[in-house]
Amino acid sequence: MPALLVPSNAVANPAVVLTTHDLPPYSFRDADGNIDGLAGRVVACAFAGMARDFEIHIVPWKRAQIEVERGTADGFFAASRNAQRDVYAVMSDIIADQNWTWYLLSGTEGDPNSDAFRTSRTVSSFLGANMQGWLNENAYRTVDYPPQDNEALLDMLLKNRFDAILANDQVMDDLVRSQELSNSLRKVLLRNKPLGVYFSKTFLASEPGFLEKFNAEVPKCRDTEENKSS
């Protein structure tokens, strides 16, 4: 899917500017430099169905959100709901599924969902992740400077910097497979936390009806995506 879609009949409105981060299998650039991924394809499909121009910029995840909060972008994805994001943006219908999952070295004992683990072990997600905010809100022992991305997060777990890390299962499973680490880790499910596009409230106020039109396209696009993979 292209990073910039220009339908021939969409000339009245400016391109919608979205931010995302490099997060296979949800969003990444393909060999030609275009946006691809489970979430990226659904977003592109929805905009195609609306016959609306859009741009997608890949930036660090924390910056992706800040740009929307400051008004230099109109939306960011793929994001799960939290109260901080709800202040300045509105989440679309679900564009992709996600399970928040703990990863531990195979020899590490204990249940990271237990109070005993929470109060005695060091854990982390990556900078800007909803998961990192959840860890802090729930009084887990975290570090002051979490890793910038999932690759660094996994590397620090392997170096015993953390007792457990919290990550999106599809993203981390891809990394684990690529490094042939499946036998070195164990997984514990925390919760299902689906993903959507967060559109700026300022942007939505300027375009009445936009979110409803976008949401109407999402189920059709998800059905198409799921049929491709079945």
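Keep in mind the model is a prediction, meaning the values are calculated, not measured. Along the sequence shown, the residues carry numbers beginning at 1. The analysis underlying the following values was restricted to heavy atoms, covering all of them including side chains, and did not include hydrogens, waters or symmetry mates.
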- Item | V123 side chain reached by L135 side chain, heavy atoms, under 4.5 Å | yes
- Note on the structure: Under a side-chain separation threshold of 4.5 Å, the hydrophobic residues clustered together with L127 are none
- Message: Between D30 and D32 (side chain of the first, backbone of the second, donor and acceptor by atom type, cut-off under 3.5 Å), is there such a pair?
- Response: yes
- Message: Parallel, tilted or perpendicular: which one describes the rings of W134 and W100, with boundaries at 30° and 60°?
- Response: perpendicular
- Item | By ring pair (Phe, Tyr, Trp, His ring centres under 6.0 Å) - contacts of F162 (at least two apart) | none
- Query: Which salt bridge (Lys or Arg N to Asp or Glu O under 4.0 Å) pairs, counting each pair once, include a residue from residues 138-152, with sequence neighbours left out?
  - Reply: none
- What are the two closest heavy atoms between M172 and L154, and how far apart are they? SD-CB, 4.0 Å
- Message: So, using ring pair (Phe, Tyr, Trp, His ring centres under 6.0 Å) as the criterion, who are the partners of Y198 when residues are at least two apart?
- Response: F76
- With side chains defined as the heavy atoms from C-beta onward, is the minimum distance between V197 and V218 less than 4.5 Å? no
- Task: Kindly give the heavy-atom pair with the smallest separation between S125 and P146, and that separation in Å.
- Result: O-CB, 3.7 Å
- Task: Verify the neighbour count for atom CZ of R70: are there more than 12 heavy atoms of other residues, nucleotides or ligands below 6.0 Å?
- Result: no
- So how far is it from Q170 CD to L175 CG, rounded to the nearest 0.5 Å? 12.5 Å
- Message: Regarding N136 and T142, do their side chains bring together a donor and an acceptor under 3.5 Å, going by distance alone?
- Response: yes
- Is the closest basic N to carboxylate O distance between D36 and R29 below 4.0 Å? no
- What pairs with S184 under side chain to side chain donor-acceptor pair (under 3.5 Å), at least two apart in sequence or on another chain? none
- Note on the structure: When every non-hydrogen atom of G110 is compared with those of P112, the smallest separation belongs to O-CD, 3.6 Å
- Message: In the structure I gave you, are the side-chain heavy atoms of D163 and F117 within less than 4.5 Å of one another anywhere?
- Response: yes
- If a pair satisfies ring-ring contact (aromatic ring centres under 6.0 Å, His included) and one of its residues is in residues 24-43, list it, with sequence neighbours excluded. none
- Item | V43 side chain near I35 side chain, heavy-atom distance below 4.5 Å | no
- Salt bridge or not for R52 and E207, using N-O below 4.0 Å? yes
- Item | Side chain to side chain, K159 and M156, heavy atoms closer than 4.5 Å | no
- Item | Within residues 185-197 or reaching into it, pairs that qualify as salt bridge (Lys or Arg N to Asp or Glu O under 4.0 Å) - sequence neighbours excluded | D173-K187
- Message: Within this structure, what is the CG-CD1 distance for the pair L38 and I95, rounded to the nearest 0.5 Å?
- Response: 9.5 Å
- For S80, all residues meeting side chain to side chain donor-acceptor pair (under 3.5 Å), sequence neighbours excluded: N130
- Message: Surrounding CD of Q84 (heavy atoms of other residues, nucleotides or ligands, distance under 6.0 Å), is the total greater than 12?
- Response: no
- pair L185-L104: side-chain heavy atoms closer than 4.5 Å: no
- Nearest heavy-atom contact between M91 and P194 is CE-O, 3.7 Å
- Query: Is there any salt bridge (Lys or Arg N to Asp or Glu O under 4.0 Å) pair reaching into residues 105-133, and which pairs are they, with sequence neighbours excluded?
  - Reply: D115-R118
- Please examine the side chains of T19 and V68, heavy atoms only from C-beta on, and report whether any two atoms are closer than 4.5 Å. yes
- Message: So which atom in A15 and which in D74 form the shortest heavy-atom distance, rounded to 0.1 Å?
- Response: O-OD2, 4.1 Å
- side chain to side chain contact (heavy atoms under 4.5 Å, CB included) with E67: which of L18, V17, T72? T72
- Item | Student check: side-chain heavy atoms of N113 and V188 closer than 4.5 Å | yes
- Message: Given 3.5 Å as the limit, does a donor-acceptor pair link the side chain of N215 with the main chain of D93, or not?
- Response: yes
- With L204 via side chain to side chain contact (heavy atoms under 4.5 Å, CB included) - residues at least two apart: V90, F199, F210, L211
- Message: Is it the case that over 12 heavy atoms from other parts of the model lie below 6.0 angstrom from the CG atom of N183?
- Response: no
- Message: For the NZ atom on K213, are there more than 12 heavy atoms of other groups (residues, nucleotides or ligands in this structure) within a distance under 6.0 Å?
- Response: no
- Scanning both residues in full, the closest heavy-atom pair of W102 with A164 reads CE3-CB, 3.9 Å
- Message: Once salt bridge (Lys or Arg N to Asp or Glu O under 4.0 Å) is applied, do any residues pair with D22, and if so which ones, sequence neighbours excluded?
- Response: none
- Message: Taking side chain to side chain donor-acceptor pair (under 3.5 Å) as the definition, give me every residue that meets it alongside K62, ordered by chain and number, with sequence neighbours left out.
- Response: none
